[in-house]
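Only heavy atoms go into these numbers, but all of them, side chains included; no hydrogens, no water, no symmetry mates. Keep in mind that this is a model prediction, so the values were computed, not measured. Below, chain A is the first sequence line, B the second, and so on; all start at residue 1.
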Amino acid sequence: MSAVSQTPLKKIIISLVFVVLGCLLILQFINRPVIENPPVTGDLQAPQEVKAILKRACYDCHSNESNIRWYDKIAPAYWKVAEDVKKGREGLNFSVWSAMAKPEQAAKLWEAVNQIQAGAMPIKSYQIVHPGTKVSATDLLILRNYLSGTVTSKLADTSKTNALDIQYDKWAKGAEAPKTNLPVALNGIEFIPDYKNWQVVTTSDRFDNNSLRVVFGNDIAIKAIKKNHINPWPNGAIFAKVAWDRLKDANGNVKTGAFKQVEYMIKNDKKYASTAGWGFARFKTPKMLPYGKTRLFATECVNCHRPMKNNDFVFTMPVKH
Amino acid sequence: MKAIYILFPVLVLLAAACREQPDEKQLINKEASLPEDFNFSKLGLKVLSSSVNEKQNTMSTIYGNDLALNTAKAGTPVQAGEVLAMITWKQKKDEHWFGAKIPGNLQTVEMIRTSPDAQKSAKVDYQRYEGKKLTLKQDTTGNDKNIRYIFEQHPSVMP
């Protein structure tokens, strides 16, 4: 290349750099979100080594103690940081931990550790920019051991056996879930009374929240399992996951107690595109009361299922019958 | 040198693509699955109850036909024409959820069929299939106890 042709090229590059820098500078002043740290009203209580890991790996987005570094504050990256903090606090905020009921706290913590174990959290892009937030295998073991230690495998107490007896009595005498005027979840999904006549996809023993579960599948789901066509699942496939109390006797025999809930996942990649292609709904107690306070309750479902995004958001590993 | 600028993103994309979408067969719980030629699903049985034995580290599901379900729910004596099945698995850790155990190796399938009997309310026929291949067990010791256990189980509440 001759010196004559290089000069204009250089000029172009230099002016381009200035234009880009100028644009970046302007970006810093437009649409600038504010990340505030509201007061910590009831922080998570956990052993120091556990809390240290969570503080390091989670608290930037999941607490009111977000530590925003100077390099996080450069737009456009700053916009994503602000969005992550906003969404992070909405999903889980360790600074208002004590506002949650005990079972809800436990569920959140098990979910958090599962998100970490599956590699879904901390978010990859965040980890690359903040290498110190990585959760090592040793860290994960500390978290898992802590959770395992919180599980008390107690024998069934009278409140639980009574709850079952009352339910069972009514049910055996013919009390059934509504068959007309079906309960409807806020996202429009109706309770499906036929779930109990479906085939089994799997069972599950949940020691994290003291429940036994059976996952049922409708015909489309069962056929898909037979043909190994389960990633993605075909439209029309439906799962119904039933949960009962876990009642254990002195011999270590565990039976199902009171019916707690039935949860549905209905596959339709168009209709439910905004919730990962699945319609989620949960109906609680034999009255089948729809779960969720707002239409957006299914975001909670999707967030928890997100680590399974390579498995079409399904945790269940089907057992062929 | 320039090639690396093109190659690098391509390689990153390829690596990402390889991690996507695990093989569908890997998502089936194979060790817990029943042999296809056993044709269990063709019986069309429904779930009656589910249980865990912590000492044995096993989990079981009992299935039944409509008659068996109704008799169990009503708590009435055994009738002719009932079909019940109990499948038992060793438990294993759920690799997708820390906090759950799911069926592992298939251990037994126990089948009960009842038919009319002149003396009793029904004649009970019991078979026990064992192991991954579900081979029919010939030894009948313990059968009475096993039959009693299956009939004694209350159905799980499914409103």
Side-chain angles (χ1 to χ4, degrees), chain A residues 110 113-114 117-118 144 147 151 153 164 167-168 171-172 175-177 195-200 202-209 212-214 216 222 225-226 228-231 242 244 246 248 251-256 258-259 262 286-288 307-308 310-311 314-321, chain B residues 19-36 38-47 49-57 59-61 63 66 69 72-75 85 87 89 91 94-103 106 109 153-159:
Chain A
W110 282 89
V113 173
N114 268 294
Q117 177 174 280
R144 287 175 50 135
L147 283 183
V151 173
S153 185
L164 169 63
Q167 256 193 20
Y168 191 89
W171 178 65
E176 283 186 336
Y195 72 91
K196 47 198 171 277
N197 299 320
W198 294 351
Q199 296 291 301
V200 179
T202 191
T203 52
S204 149
D205 178 11
R206 291 285 296 269
F207 58 88
D208 56 344
N209 61 17
L212 287 186
R213 298 174 176 220
V214 172
F216 296 86
I222 298 296
I225 293 166
K226 203 166 196 155
N228 297 328
H229 288 167
I230 59 169
N231 199 8
V242 179
W244 299 272
R246 194 180 187 278
K248 180 173 139 181
N251 293 320
N253 290 313
V254 182
K255 302 283 162 66
T256 54
F259 169 94
V262 55
K287 288 192 175 126
M288 304 299 172
M308 291 294 113
N310 291 342
N311 305 348
V314 174
F315 284 99
T316 296
M317 295 183 72
V319 176
K320 291 190 181 184
H321 279 71
Chain B
R19 275 191 292 125
E20 296 278 315
Q21 309 287 343
D23 181 13
E24 298 188 283
K25 280 182 193 148
Q26 276 177 21
L27 295 172
I28 300 281
N29 187 345
K30 278 201 281 299
E31 55 191 295
S33 291
L34 277 63
E36 208 177 333
F38 196 80
N39 286 322
F40 184 83
S41 60
K42 289 194 180 143
L43 296 170
L45 303 180
K46 295 170 186 174
V47 172
S49 68
S50 187
S51 64
V52 168
N53 185 326
E54 283 190 357
K55 278 187 186 161
Q56 307 278 336
N57 200 22
M59 61 204 301
S60 306
T61 304
Y63 309 74
D66 283 331
L69 256 56
K73 198 170 157 182
I87 309 184
W89 295 270
Q91 282 195 305
D94 184 346
E95 59 189 85
H96 289 166
W97 188 261
F98 171 59
K101 287 179 185 171
I102 56 172
L106 176 63
V109 174
Q153 300 314 302
H154 286 296
S156 298
V157 180
M158 281 178 276

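For a residue to count as touching a neighbouring chain, one of its non-hydrogen atoms must lie under 4.5 Å from one of that chain's; by this rule Phe38(B) does not touch chain A. Within the 4.5 angstrom heavy-atom criterion, only side-chain atoms of Gln153(B), from C-beta onward, approach chain A. Contacts of Asn251(A) with chain B are made by both backbone and side-chain atoms, with heavy-atom separations under 4.5 Å. Heavy atoms of Leu43(B) lying under 4.5 Å from chain A are absent altogether. Heavy-atom distances place the side chain of Met59(B), and not its backbone, under 4.5 Å from chain A. Residue contact with chain B, scored on non-hydrogen atoms closer than 4.5 Å, is absent for Lys287(A). Using a 4.5 Å cut-off between heavy atoms, Thr61(B) touches chain A through its side chain atoms alone. For Ala74(B), no part sits under 4.5 Å from any heavy atom of chain A, backbone or side chain. Proximity to chain B (any heavy atom under 4.5 Å) is restricted, for Leu212(A), to the side chain, taken from C-beta onward. Proximity to chain B is absent for every atom of Ala118(A), based on heavy atoms less than 4.5 angstrom apart. Neither the backbone nor the side chain of Glu31(B) comes within contact range of chain A; no heavy atom of the residue lies under 4.5 Å from a heavy atom of that chain. With a 4.5 angstrom heavy-atom cutoff, Pro155(B) touches chain A via backbone and side-chain atoms both. Heavy atoms closer than 4.5 Å to chain B are found in both the backbone and the side chain of Thr203(A).
Top candidate by heavy-atom pairs under 4.5 Å with chain B, chosen from Tyr195(A), Phe207(A), Phe259(A), Phe216(A), is Phe207(A). The candidate from Glu36(B), Lys42(B), Glu95(B) with the greatest count of non-hydrogen atom pairs under 4.5 Å with chain A is Glu95(B). Note: Arg144(A) leads Glu176(A), Met308(A), Arg144(A) in heavy-atom pairs under 4.5 Å with chain B. Heavy-atom pairs under 4.5 Å with chain B peak, among Ile225(A), Val262(A), Val113(A), Asn197(A), at Asn197(A).
In this structure, Asp208(A) contributes its side chain and Phe98(B) its backbone to no donor-acceptor pair below 3.5 Å. Although no hydrogens or angles enter the test, the distance criterion places a donor-acceptor pair under 3.5 Å between the side chain of Asn53(B) and the main chain of Gln56(B). Judged by distance alone, with hydrogens and angles left aside, the side-chain atoms of Asp205(A) form no donor-acceptor pair with the main-chain N or O of Val52(B) at under 3.5 Å. A donor-acceptor pair under 3.5 Å links the side-chain atoms of Lys196(A) to the main chain of Pro159(B), judged by distance alone.
Interatomic distance, NZ of Lys101(B) versus CG of Asn57(B), reported as 5.5 Å (0.5 Å rounding). In this structure, Thr202(A) OG1 and Asn29(B) CG are separated by 6.0 Å, a value rounded to the nearest 0.5 Å. With rounding to the nearest 0.5 Å, the separation of CZ in Arg246(A) from CD in Glu54(B) is 4.5 Å.
With sequence neighbours excluded, the residues that form a salt bridge (Lys or Arg N to Asp or Glu O under 4.0 Å) with Lys46(B) are Asp66(B).
Side-chain rings of Tyr168(A) and Trp171(A) approach one another, their centers coming within less than 6.0 Å.
Partner of Val157(B) under the side-chain contact (heavy atoms from CB on, under 4.5 Å) criterion, out of Leu164(A), Val242(A), Thr256(A): Leu164(A) alone.
In this structure, Phe40(B) and His321(A) have tilted ring planes: the angle between them lies in the 30° to 60° band.
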